[in-house]
Protein chains: 2
Amino acid sequence: MAKTTTTRKAAAVRQRGVTMTDVAQHAGVSRTAVSFVLSNRENASISEETRTRINDAVKALGYRPNAGARALASQRSDWYGLVTEIVTAPFAVDIIKGAQDQAWLDHRFLLIAPSDQADAVGPNQGLEDAATEKLLEQRVEGLLYAATYHRGVHVPESAHEVPTVLINCFDADGKLPSIVPDERGGGRVAVDRLLRAGHSRIGVINLDPHIPAAVGRLEGAREALAGAGLELDPELVVSGHATADGGYAAACEILDRYPQQDRPTALFCLNDRMAMGAYDAIKERGLTIPGDIAVIGFDNQELIASYLRPKLTTVALPFEKMGALGVQTLAALTAGQPITADQQLVDCPLLERSSV
Amino acid sequence: MAKTTTTRKAAAVRQRGVTMTDVAQHAGVSRTAVSFVLSNRENASISEETRTRINDAVKALGYRPNAGARALASQRSDWYGLVTEIVTAPFAVDIIKGAQDQAWLDHRFLLIAPSDQADAVGPNQGLEDAATEKLLEQRVEGLLYAATYHRGVHVPESAHEVPTVLINCFDADGKLPSIVPDERGGGRVAVDRLLRAGHSRIGVINLDPHIPAAVGRLEGAREALAGAGLELDPELVVSGHATADGGYAAACEILDRYPQQDRPTALFCLNDRMAMGAYDAIKERGLTIPGDIAVIGFDNQELIASYLRPKLTTVALPFEKMGALGVQTLAALTAGQPITADQQLVDCPLLERSSV
DNA sequence: CCGAACGAAGACAACGTTGTCAAGAAGGGA
DNA sequence: TCCCTTCTTGACAACGTTGTCTTCGTTCGG
């Protein structure tokens with residue numbers, strides 16, 4: 001044993017690594033005791049004195065438990081893997097923030113691995129597979145997949161080996177639990193707001209009509225109108241590119257199509273970038289916001305919404321919350337709890353600013 | 001040995017873990033051979049046949065090396081730690097992207113840990129310390145610190161235990177290598193562009209004059225003007241809040257102060273958000289961009305710069321490049337190479353759009 | 001004064017690798 | 001036939017923990 005100790009010490013000198021054995025020695029107790037104290041085990045009985053002696057030794061030596069060794073021995077890593085294209089296309093960064101914060105609270109580490117912006121069925125999943133594989137090599141206890149925009153995705157085969165949760169996207173094969181924004185609720189809230197402000201003739205600047213966001217938000221708009229006994233006039237729905245230019249073009253089309261008295265008094269833009277374009281179209285025509293035309297957006301892209309003049313009233317995508325909820329759901333899964341729902345919807349809250 | 005094998009197998013059944021021993025058995029070779037092949041060691045001589053047999057077995061069994069065990073045994077984790085407030089305040093996300101991509105290329109993992117937005121000397125470093133500590137527990141081989149905006153920072157004591165590189169910030173104590181944007185070069189490039197377009201009376205909308213970005217960019221502007229035999233008129237430099245409102249106010253002040261013939265024909269806004277406000281001030285006065293007044297920004301905030309109408313010509317902050325360079329520098333350091341420079345400057349390129 | 005009950009020590013096997021080494025088997029050339 | 005490569009093996013000690021068990025002093029209540 002004396003020999004072992006010497007070897008260890010030599011290693012410590014070489015590598016600057018303080019081990020539990022060192023702590024035990026310094027405190028004059030057994031390794032077992034140290035392990036018990038450090039991992040705070042319940043069934044063990046350790047006197048207060050020994051406990052403080054050990055803690056002092058830990059501080060004195062600057063001991064830092066080796067997470068890898070702990071993982072190896074205890075067969076649990078406390079690591080989750082997050083594979084996401086968000087790093088590549090940083091639109092929904094707040095998902096990462098939410099997940100990261102929640103993981104931190106739960107004393108877990110998030111290993112973030114990049115994936116390319118894959119389309120739903122695309123063959124371009126090289127990076128995604130590789131990322132998943134790498135994460136599994138690290139023995140993560142669960143996986144999260146996060147997308148920049150709400151859509152169906154295909155997840156690599158190997159993801160099924162551990163608990164997996166999808167964030168801001170859903171499993172095209174319908175096998176994995178997912179967290180997505182409540183687009184319909186968001187659309188309802190937006191149009192409700194306009195109705196409350198007295199508008200009844202509302203133009204809609206639509207996204208690509210096939211994506212889940214467009215479908216949901218439009219459906220919500222319809223519901224809100226129905227609640228007020230109104231119907232959505234298909235003529236007032238114009239689709240365009242999801243950019244400022246697209247919004248500008250669409251807004252021009254709606255605004256120029258009718259004589260003043262028939263012109264919609266409010267525009268529901270299905271995203272903030274398009275709202276940005278709509279602003280320009282409105283201002284160009286000498287109209288004021290919200291005096292002549294009220295505008296409401298969607299997405300709450302801070303840089304746009306709160307820097308536009310007047311500041312844009314919009315519906316927020318609950319990225320941060322979805323990230324946090326994803327981690328929570330994953331934690332529940334890894335703890336062996338059954339899934340509560342296949343698809344959890346998260347509220348899209350209205351952010352009142354000055355454009356309505 | 002037979003006994004050991006049995007135990008292992010039982011464990012494998014329980015835990016679904018395929019180990020090197022399993023692979024060796026399946027391929028009918030020794031563990032040693034498998035280890036040699038998988039870690040691609042040089043001094044070993046393995047016949048082509050054995051090699052393929054082993055690789056086949058790996059695939060057949062779906063063997064995945066256990067990264068933690070490897071790290072433990074080989075004393076290297078292939079992990080770098082990145083502690084950053086960017087996750088919290090996602091302005092400079094591209095630093096993460098650059099670092100992430102580079103790390104991926106180098107077959108290394110980036111552990112990202114959050115820190116709060118700490119001021120230069122603030123006492124608010126609780127999270128930062130904790131993050132650093134956690135990362136060191138994971139036995140990262142080096143640390144990166146990244147800030148959202150260019151400034152001096154204090155790094156936790158324990159960061160000095162491993163190679164450390166600062167990105168978009170610098171060590172207030174001057175001990176650690178750092179990667180920062182070449183603000184002066186950026187300022188020069190911006191004003192040069194305006195000079196080339198024939199402007200000689202240039203207004204400057206300044207940031208808080210004390211931060212490194214303002215100092216550098218202004219210095220660069222001065223150099224460019226000097227190159228054309230001009231001087232920077234201190235009267236034309238107006239400082240404001242680093243927001244659209246601040247930019248609006250500052251632009252109003254400059255535009256309204258002079259009669260038309262003395263009015264500056266170009267504005268150099270030290271960031272894009274202020275340029276956004278300046279746009280409004282200019283348009284409000286019935287002036288056109290770039291016809292009456294040219295505008296150039298700084299930061300290249302995509303959402304603003306490329307969605308403003310006309311699109312904003314601006315100078316880009318090389319976030320992605322800085323991130324990549326940070327990882328490269330760290331790789332050099334961990335490989336034992338000496339540091340080439342205390343502070344590496346990265347070019348800020350001009351992005352031509354339509355506002356000049 | 002005896003037997004619990006408690007606090008602690010010590011031993012040992014795992015966890016899945018890496019790394020080193022001595023030694024054996026097969027094959028080739030002289 | 002013998003030696004010398006070229007492959008390949010088996011053994012063993014690390015790496016730093018966790019986890020389980022047995023053992024052994026103390027101390028305390030009865």
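Labels below follow one simple rule: chain letters A, B, ... track the order of the sequence lines, proteins then strands, and each chain is numbered from 1. Side chains are part of it too, since the values below use all heavy atoms of this structure and drop only hydrogens, waters and symmetry mates.
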Item to check | Euclidean distance, atom CD of residue B:Gln75 to atom C1' of C:dG16 [Å, nearest integer] | outcome: 14 Å
Item to check | Presence of B:Thr50 side-chain N/O under 4.0 Å of D:dT8 phosphate oxygens OP1/OP2 | outcome: yes
Next on the checklist: Counting the atoms with a prime plus P, OP1 and OP2 as sugar-phosphate, which does B:Phe36 contact under 4.0 Å by heavy atoms, base, sugar-phosphate, or nothing?
Outcome noted: base
Checklist entry - Quick one: A:Leu72 CG to D:dA14 P, roughly how many Å, whole number? => result 17 Å
Checklist entry - Which of the following nucleotides, C:dC15, D:dT18, D:dT9, is nearest to the side chain of B:Ser30? => result D:dT9
Checklist entry - Rounded to whole angstroms, how far apart are CZ on B:Arg139 and P on D:dG16? => result 8 Å
Item to check | A:Lys97 atom NZ, neighbour heavy-atom count above 12 within 6.0 Å | outcome: yes
Checklist entry - How is A:Ser35 classified with respect to the nucleic acid when contacts are heavy atoms under 4.0 Å: base, sugar-phosphate, or nothing? => result sugar-phosphate
Item to check | Note, B:Leu127 side chain near B:Glu85 side chain (heavy atom, < 4.5 Å) | outcome: no
Next on the checklist: Using a 4.0 Å heavy-atom cut-off, does B:Arg76 contact any base of the nucleic acid, only the sugar-phosphate backbone, or nothing at all?
Outcome noted: nothing
Checklist outcome for this item: Exactly one of B:Gln138, B:Glu133, B:Glu137 clears side chain to side chain donor-acceptor pair (under 3.5 Å) with A:Arg64, and that residue is B:Glu133
Checklist entry - Does B:Ser47 place a side-chain N or O at less than 4.0 Å from the phosphate oxygens OP1/OP2 of D:dT8? => result yes
Checklist entry - Hey, does A:Ser74 reach any base, or is it just sugar-phosphate, or nothing, if we go heavy atoms under 4.0 Å? => result sugar-phosphate
Checklist entry - Taking the side chain of A:Tyr63 as its heavy atoms from C-beta onward, which of C:dG16, C:dT18, D:dT17 lies nearest to it? => result D:dT17
Item to check | Phosphate OP1/OP2 of C:dG19: any B:Thr32 side-chain N/O under 4.0 Å | outcome: no
Checklist entry - Between D:dT17, C:dT17, C:dA9, which nucleotide gets closest to the side-chain atoms of A:Asn66? => result D:dT17
Checklist entry - Counting side-chain heavy atoms from CB outward, which of C:dA9, D:dC12, D:dG16 is closest to A:Ala73? => result D:dG16
Item to check | Out of D:dT17, C:dC15, D:dT9, whichever nucleotide has its closest atom nearest the side chain of A:Thr19 | outcome: D:dT17
Checklist entry - How many Å lie between CD on B:Glu48 and C1' on D:dC7, as a whole number? => result 13 Å
